[in-house]
Protein chains: 2
Amino acid sequence: MNAWNLPHGYRYAGVGCGIRPGSDRLDLAVVLSDGLASAAGVFTQNRVAAAPVRICRERLPSDNVRGIVICSGNANACTGQRGLDDARRMAAVCAETVGCGAEQILVCSTGVIGRLLPMSEIERGILAAARTRDSTAAAFDRAAHAILTTDTRIKVSTQKLSLGEADCCLAGFAKGAAMIGPNLATMLAFVITDAPISCDDLNAMIARCAGRTFNCISVEGHTSTNDTVLFLANGRAGLRERPELKGESLARWEDAATTICADLAKAIAADAEGASHFVTISVEGLRDDAEAWRVAKAVADSALVKTAIFGGDPNWGRIVSAAGYAGVKFEEEELSLWLGDILLYHTGAPQPFDPSSASAYLKNNRDIHLRLRFSLGAGRCTFWTCDLTHDYIRLNAEYTT
Amino acid sequence: MNAWNLPHGYRYAGVGCGIRPGSDRLDLAVVLSDGLASAAGVFTQNRVAAAPVRICRERLPSDNVRGIVICSGNANACTGQRGLDDARRMAAVCAETVGCGAEQILVCSTGVIGRLLPMSEIERGILAAARTRDSTAAAFDRAAHAILTTDTRIKVSTQKLSLGEADCCLAGFAKGAAMIGPNLATMLAFVITDAPISCDDLNAMIARCAGRTFNCISVEGHTSTNDTVLFLANGRAGLRERPELKGESLARWEDAATTICADLAKAIAADAEGASHFVTISVEGLRDDAEAWRVAKAVADSALVKTAIFGGDPNWGRIVSAAGYAGVKFEEEELSLWLGDILLYHTGAPQPFDPSSASAYLKNNRDIHLRLRFSLGAGRCTFWTCDLTHDYIRLNAEYTT
């Protein structure tokens, strides 16, 4: 029953406790390590950070974590001191069921903002999760379901890694972000592993992994109050008596974690509400990766580019001009642009192309590739986004608080 | 026939020369001063700047300008060396009809990008403009029409100013920007006056005026390749033998110019294609005006805020969280938020309000007011934008290059 390469030494649960009034959907998850785990996190840059984000920031990085409790349907954001008390209480109730200290449990929320958590429902949910938690793929699947809001499907990715004498596993699950739904575009992502890794190494790697993956997706550029990525490493992979991973082994683990994060990030962009195209934007040849990221994000966030893709219009002028306002210095002659395999713009000059085949590329494919090549250096970035459609407007305009 | 307070010493024309194949709409305008004028400009920050923008940048500021020639329907952007040659040729042909040097004529274009100008049509148009130009309001009106692209109406504003012995007049006309149409979101704006002003003073004032007005509107944040604002001052207001305006007189002229620019900027935002609401965002109480501008722009550019307004949803969480990612440091307790007169969020805490009356405010008014008050200083900004609607998507997706 380990079809997903789940790491050793973790238990999961996903239960429904009625956070959304009148709904019986799964809305509370726990992920618990049998022993102590190293943990690290990266969080929203929004000045308005939800209570659970503030609690996690206090507690991380740490080599003393036992697990995570997550609720969906309520973000516990803009809820003041009471919200902070409630987030601490979620962790404390979960810790009691584990038999550890409250500060050893991390906490996340996603959902509507500005409402107080229904604490009696949540406490009941945590107790139910304690009764049902186990290490099976079925429990992992229920946890992955319980964190969803407007997602249409779970996002899961796992990796198995052979490190000499022992194997280790990594498992990730995520929700949202590209989600534009009723609530906000919150993204939550969790990667757990049974490899032994120090919390300092985990802390350095999570920033790099998230930078190359979760920071390279966007739907409309609205940064949530609740965005959270957490890594947990409990060292239970038969490597228990061995020292923490270093050097080549650690680099291989980071590659595997980056693959998982990229899988989850792409799954989030592909599940964007209302989207009819999944768009990969490759930018190369700038002075550094940060410049390439800025250009890619400007193109990805442009409503004019997104509506052109929705409409099947190979309107390269919108793409070139979006690159032009990214805040990166370049001359037109230093830029070339491809839509799929079709060269539209070469070293500053429009290229003759067949508009009907370019339009057919957009109309007949759900996965679209834009490539911008500069001649200024080796900086590069791959960015994922979606188009802007009538369904986006309908879904976001029709919802009423 | 001076109902619009037109300044002395200018002649105007607007003609149709067929820049858009098969169309007979007005598409070429000239504004010419009878004598030398001081001139200054501000331009798009896009790295991909159209040929006419590059020509104007070379020529300004200047105390030696005779006029402006403007074409609509073709942006002359992304057109390489040939585009630069064509823009210079437009100025040279116009200069010949005036009897001045080519470098004394400024040039602007707006329209589709990546296409070469139809120069024989444009040269014919400039000659027709030379035959018909005069100083009447009717000619000014035709010029204001000839620069339009997807605008539904002309944008014009004038002011008359009494400066002791003599009056002076200011007249402005503009197009686009909030326009999202087939072409790009190009904004062009022109303010001409018969006051005597040095080109250095004009240059300092145009940056301030544009910063408070044209830089405070946005529809989707896409900066055009062609954005241009030009000021011309020819000193023909019966003040001819008098020295240039200084001190209090100059400050009063700047106030009048700012009023004209604000009128034109608001007219642009209100005419945004597909919009059903005109939104004024007031931000106050930040450390400086630049911080207030950043917060206002983040709220104005948020697709989630725009769709909520379209849908009549008083979703204050979207507004507060947009402020949170503006890159301005603040704590939740330092922010309060009003929708019209309704207090939604006060010093970091959600306020009880009647959702149905808040929703009615959005549904029953075309003009919407959002007010964000911080407690950090005296910095303030007023910003204008519109909502995001199905018509926006339709207009921008259905157009095919």
Side-chain angles (χ1 to χ4, degrees), chain A residues 44-49 75 77-80 112-115 180 184-185 220-225 301-304 307-308 310-318 320-326 328-332 335 345 348-350 355 359 388-390 392-394 396-401, chain B residues 44-49 75 77-80 112-115 180 184-185 220-225 301-304 307-308 310-318 320-326 328-332 335 345 348-350 355 359 388-390 392-394 396-401:
Chain A
T44 180
Q45 295 302 302
N46 200 309
R47 293 295 307 173
V48 181
C78 299
T79 45
V112 66
I113 84 177
R115 294 213 192 127
I180 322 295
L184 249 197
E220 79 299 73
H222 199 114
T223 310
S224 157
T225 48
D301 284 345
S302 163
L304 288 175
T307 49
F310 172 55
D313 175 15
N315 194 325
W316 59 268
R318 295 183 181 181
V320 169
S321 64
Y325 66 70
V328 170
K329 199 174 168 193
F330 69 89
E331 304 302 326
E332 287 168 58
L335 172 59
Y345 187 76
S359 182
L388 180 57
T389 69
H390 285 300
Y392 175 98
I393 303 291
R394 185 179 53 73
N396 284 288
E398 287 181 1
Y399 172 78
T400 302
T401 37
Chain B
T44 179
Q45 295 302 303
N46 200 308
R47 293 295 308 173
V48 180
C78 299
T79 45
V112 66
I113 83 176
R115 294 214 190 125
I180 322 295
L184 250 197
E220 80 298 74
H222 199 114
T223 311
S224 157
T225 50
D301 283 345
S302 163
L304 288 174
T307 49
F310 172 54
D313 174 14
N315 193 326
W316 60 267
R318 295 182 179 180
V320 169
S321 63
Y325 66 71
V328 170
K329 199 174 168 191
F330 69 89
E331 305 301 326
E332 287 168 57
L335 171 59
Y345 187 76
S359 182
L388 179 57
T389 69
H390 285 299
Y392 175 98
I393 303 291
R394 185 178 54 73
N396 284 288
E398 287 181 1
Y399 171 78
T400 303
T401 38

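Residue numbering restarts at 1 for every chain, and letters A, B, ... go by the order of the sequence lines.
- Of the atoms belonging to Ala49(A), it is backbone heavy atoms, and not side-chain ones, that fall under 4.5 Å from chain B.
- With chain A as the partner, the residue from Val328(B), Thr44(B), Thr79(B) showing the most heavy-atom pairs under 4.5 Å is Val328(B).
- Rounded to the nearest 0.5 Å, atoms CG (Asp301(B)) and CG (Asp301(A)) are 10.0 Å apart.
- With sequence neighbours left out, Glu331(B) forms a side chain to side chain contact (heavy atoms under 4.5 Å, CB included) with Arg47(A), Glu333(B), Glu334(B).
- By the 4.5 Å heavy-atom criterion applied to side chains, Tyr325(B) and Val48(A) are not counted as neighbours.
- Heavy atoms only, all atoms of each residue included: Ser321(A) and Asn46(B) are closest at O-ND2, 2.7 Å.
- Considering only heavy-atom pairs separated by less than 4.5 Å from chain B, the leading option among Gly324(A), Pro350(A), Ala349(A) is Gly324(A).
- With a threshold of 4.5 angstrom between heavy atoms, Glu332(A) approaches chain B through side-chain atoms but not through N, CA, C or O.
- Scanning all heavy atoms of the two residues, the minimum distance from Val320(B) to Cys78(A) falls at CG1-SG, 4.1 Å.
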